[in-house]
Amino acid sequence: MAIEIVGNKEKAIAIIEIKRNGKREKELVEWILKHHKNVKTILKKVSGRKGELRLKEYEILYGRETEVLHKEYGYELKVDVTQVYFSAREAKERQRIASLVKEGETILIMFSGIMPFGIAIAKKVENVKVYGIELNEIAHKYAIENARINKLSHKVY
């Protein structure tokens, strides 16, 4: 069993991985709602990443909103977890990679998704240009929006 929270203090989505259905699933939903007041939607992962867009399939157990503004390390990422690949669990890895980038570098991110690595890099490094390539058109739109939200459109493309 695993729980991943995507969002912020006001509104979040909980994504659970659980093998059994029924009573245990219902108890888990109740526990999440009791202990995470910001959770408005609970999704159960029903598949791993699939296809060239690396999307997962989910079952909605509670709520209905699947788009959220995720906050980490001083920046925000708008994401619909059912339409794009995103993992909040990779936040520390994004910071580790960003710390390796030097001033004046130009970075190309293949499979850039909603641009979480690009935003982390652009936020951390003053003089940098970050280009992303992404096949998922929805993810690309989120990438553009995330650069705008974080006032990084001049550094993230």
Side-chain angles (χ1 to χ4, degrees), residues 1-18 32 36-61 63-157:
M1 175 177 65
I3 302 170
E4 179 177 12
I5 306 289
V6 179
N8 56 47
K9 291 180 182 178
E10 290 81 39
K11 179 182 168 188
I13 295 170
I15 301 170
I16 64 171
E17 293 181 48
I18 187 169
I32 291 168
H36 297 276
K37 301 293 185 194
N38 60 331
V39 169
K40 307 301 181 206
T41 301
I42 300 174
L43 304 174
K44 180 173 98 172
K45 188 174 108 173
V46 296
S47 78
R49 289 180 275 180
K50 294 173 26 174
E52 62 184 8
L53 298 183
R54 308 175 320 273
L55 298 179
K56 299 175 185 175
E57 293 177 357
Y58 299 97
E59 175 186 339
I60 296 178
L61 300 178
R64 65 176 186 259
E65 185 67 38
T66 58
E67 183 182 77
V68 70
L69 198 58
H70 177 74
K71 188 169 186 174
E72 64 183 38
Y73 293 98
Y75 55 87
E76 296 177 315
L77 300 166
K78 194 173 193 180
V79 60
D80 183 330
V81 296
T82 64
Q83 300 294 310
V84 303
Y85 171 74
F86 176 77
S87 176
R89 294 176 183 167
E90 295 173 354
K92 284 186 180 181
E93 179 66 0
R94 289 189 273 277
Q95 290 304 298
R96 186 185 75 78
I97 295 297
S99 71
L100 298 174
V101 176
K102 294 177 178 52
E103 293 287 330
E105 288 189 321
T106 299
I107 307 297
L108 174 64
I109 302 175
M110 303 294 292
F111 317 105
S112 56
I114 66 165
M115 198 56 99
F117 280 91
I119 299 297
I121 291 166
K123 193 73 171 175
K124 195 170 193 97
V125 181
E126 188 63 34
N127 180 24
V128 69
K129 288 185 180 178
V130 183
Y131 295 90
I133 296 177
E134 175 57 51
L135 187 59
N136 182 336
E137 292 179 24
I138 295 170
H140 180 69
K141 287 178 184 174
Y142 277 112
I144 293 167
E145 177 71 2
N146 288 329
R148 188 196 62 75
I149 288 169
N150 291 285
K151 298 176 176 57
L152 297 170
S153 297
H154 64 290
K155 294 165 69 170
V156 178
Y157 310 95

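- At least one side-chain heavy atom of Leu55 sits less than 4.5 Å from a side-chain heavy atom of Asn136.
- The shortest heavy-atom contact between Tyr73 and Lys92 is OH-CG, 3.3 Å.
- Other residues, nucleotides and ligands contribute at most 12 non-hydrogen atoms within 6.0 Å of the CD atom of Glu126.
- Closest non-hydrogen pair, Ala2 versus Arg89, comes out as CB-NH2, 3.4 Å.
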Please determine whether side chain to side chain contact (heavy atoms under 4.5 Å, CB included) holds for the pair Asn150 and Val156, giving the CA-CA distance in whole Å, both sets of side-chain angles, and the decisive distance to 0.1 Å.
CA-CA 10 Å; Asn150 291 285; Val156 178; over 6 Å; no
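- Side-chain N or O atoms of Glu105 include none that pairs as donor or acceptor with a backbone N or O of Ile107 at under 3.5 Å.
- For the residue pair Ala143 and Met115, the shortest heavy atom distance occurs at CB-CB, 3.7 Å.
- Within the 4.5 Å cutoff, the side chain of Val130 has no heavy atoms near those of the Leu152 side chain.
- Around atom NZ of Lys11, more than 12 heavy atoms belonging to other residues, nucleotides or ligands sit under 6.0 Å away.
- Distance alone, capped at 3.5 Å, is enough to place a donor-acceptor pair between the Glu134 side chain and the Gly113 backbone.
- With rounding to the nearest 0.5 angstrom, the OG1 atom of Thr66 is 6.5 Å from the CD atom of Gln83.
- With sequence neighbours left out, Glu65 forms a salt bridge (Lys or Arg N to Asp or Glu O under 4.0 Å) with no residue at all.
- Using a distance-only test at 3.5 Å, with no hydrogens or angles considered, a donor-acceptor pair links the side chain of Asn38 to the main chain of Asn8.
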With side chain to side chain contact (heavy atoms under 4.5 Å, CB included) as the criterion, how do Leu53 and Ile138 come out once you've worked through the C-alpha distance, each side chain's angles and the decisive distance to 0.1 Å?
CA-CA 10 Å; Leu53 298 183; Ile138 295 170; over 6 Å; no
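- Interatomic distance, Ile121 CD1 to Ile97 CD1, rounded to the nearest 0.5 Å: 7.5 Å.
- Within 6.0 Å of atom NE2 in His140, 12 or fewer heavy atoms from other residues, nucleotides or ligands are found, so the atom counts as exposed in its surroundings.
- Gly7 and Val68 get closest at one heavy-atom pair: CA-CG2, 3.7 Å.
- In this structure, Lys124 and Val101 have side chains that are not in contact, with every pair of non-hydrogen atoms separated by 4.5 Å or more.
- The structure places NZ of Lys40 at 9.5 Å from CD of Glu10, a figure rounded to the nearest 0.5 Å.
- Between Arg54 and Tyr85, the closest heavy-atom pair is O-CB, 3.5 Å.
- To the nearest 0.5 angstrom, Ile119 atom CD1 is 8.5 Å from Tyr75 atom OH.
- Side-chain atoms of Lys155 come within 3.5 Å of backbone atoms of Val125 as a donor-acceptor pair (strictly under, hydrogens ignored).
- The main-chain N or O of Val46 is never found under 3.5 Å from a side-chain atom of Glu57 such that the two would form a donor-acceptor pair.
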For side chain to side chain contact (heavy atoms under 4.5 Å, CB included), just list the numbers for Ile32 and Ile16, CA-CA rounded to whole Å, side-chain angles, deciding distance to a tenth of an Å, and then say yes or no.
CA-CA 10 Å; Ile32 291 168; Ile16 64 171; 3.5 Å; yes
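- Distance check: Leu43 CG to Glu59 CD gives 9.5 Å after rounding to the nearest 0.5 Å.
- Nearest heavy-atom pair, Ala122 versus Val128, reported as atom, atom and distance to 0.1 Å: CA-CG1, 4.0 Å.
- Within a 6.0 Å sphere centred on NZ of Lys56, other residues, nucleotides and ligands contribute more than 12 heavy atoms.
- Between the CD atom in Glu52 and the CZ atom in Phe111 there is a gap of 10.5 Å [rounded to 0.5 Å].
- By the 4.5 Å heavy-atom criterion applied to side chains, Leu77 and Val79 are not counted as neighbours.
- Looking only at distances, no side-chain donor or acceptor of Gln95 sits under 3.5 Å from a matching main-chain atom of Ala120.
- Arg94 and Glu72 are joined by a salt bridge, as a carboxylate oxygen and a charged side-chain nitrogen come within less than 4.0 angstrom of each other.
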If you apply the rule side-chain hydrogen bond (donor to acceptor under 3.5 Å, both in side chains), what do you find for Tyr142 with Glu67, and how did you get there?
CA-CA 11 Å; Tyr142 277 112; Glu67 183 182 77; 2.5 Å; yes
